[in-house]
Amino acid sequence: MASKHKSSTSGPSRAGSVGSRLREAATTGRVVLLIVAVLALVFVFENTRHVTIRIIGPEVSAPLWLALAAMLVIGWLLGRFVTVRRR
């Protein structure tokens, strides 16, 4: 027996709904976030060599990207601390 299968697509209206869903999904914020994420991955893969960091006495060896990311977080935390203390 041959099964009767109806297609649920109806041509142009389906293509229009896909295009509108794509426009809704691709907001400016999401596009910027995607670009920043790709740049972050490129940064990580370009800076994989190990560096030696001397902190007061001990020496620490870590990938360059990790050392820079740690400094970013420390700087952000210090900035938050200063702005919260001003209020």
Side-chain angles (χ1 to χ4, degrees):
M1 265 190 174
S3 68
K4 294 180 181 178
H5 182 273
K6 281 190 163 182
S7 177
S8 63
T9 60
S10 58
S13 65
R14 172 118 172 113
S17 65
V18 170
S20 66
R21 277 190 274 157
L22 181 61
R23 269 184 287 208
E24 289 174 7
T27 62
T28 304
R30 287 181 181 162
V31 170
V32 169
L33 182 65
L34 179 65
I35 291 170
V36 169
V38 168
L39 288 175
L41 285 174
V42 168
F43 176 78
V44 167
F45 290 124
E46 289 291 324
N47 294 292
T48 56
R49 72 176 191 273
H50 274 68
V51 293
T52 302
I53 304 163
R54 188 176 186 147
I55 306 172
I56 301 174
E59 288 186 356
V60 178
S61 179
L64 179 59
W65 69 268
L66 185 61
L68 292 173
M71 290 297 103
L72 175 71
V73 169
I74 290 170
W76 177 77
L77 288 172
L78 288 173
R80 295 273 304 173
F81 178 74
V82 169
T83 56
V84 169
R85 296 277 308 213
R86 273 192 195 162
R87 293 180 186 178

Common cluster, [X]/[Y], ILVMFWY with side-chain heavy-atom separation under 4.5 Å:
{"X": "F43", "Y": "L34", "answer": "no"}
{"X": "V60", "Y": "V51", "answer": "yes"}
{"X": "I53", "Y": "L64", "answer": "yes"}

Rounded to the nearest 0.5 Å, what separates atom [atom1] in [X] from atom [atom2] in [Y]?
{"X": "L66", "Y": "M71", "atom1": "CG", "atom2": "CE", "result": "9.5 Å"}
{"X": "T28", "Y": "L33", "atom1": "OG1", "atom2": "CG", "result": "12.5 Å"}
{"X": "L72", "Y": "W65", "atom1": "CG", "atom2": "CH2", "result": "12.0 Å"}

* If you count the non-hydrogen atoms of other residues, nucleotides and ligands that lie under 6.0 Å from CD in E59, is the total more than 12? ->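 Counting neighbours around CD of E59, more than 12 heavy atoms of other residues, nucleotides or ligands fall under 6.0 Å, so yes.
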* To do: Looking only at non-hydrogen atoms, find the nearest pair between H50 and S61 and report the distance.
  =>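 Heavy atoms only, the tightest pair is CD2-OG, 3.6 Å.
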* Asked: What is the minimum heavy-atom distance between T48 and V44, and which atoms define it?
  ->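 Nearest pair, atom of T48 first, then V44: CG2-O, 3.2 Å.
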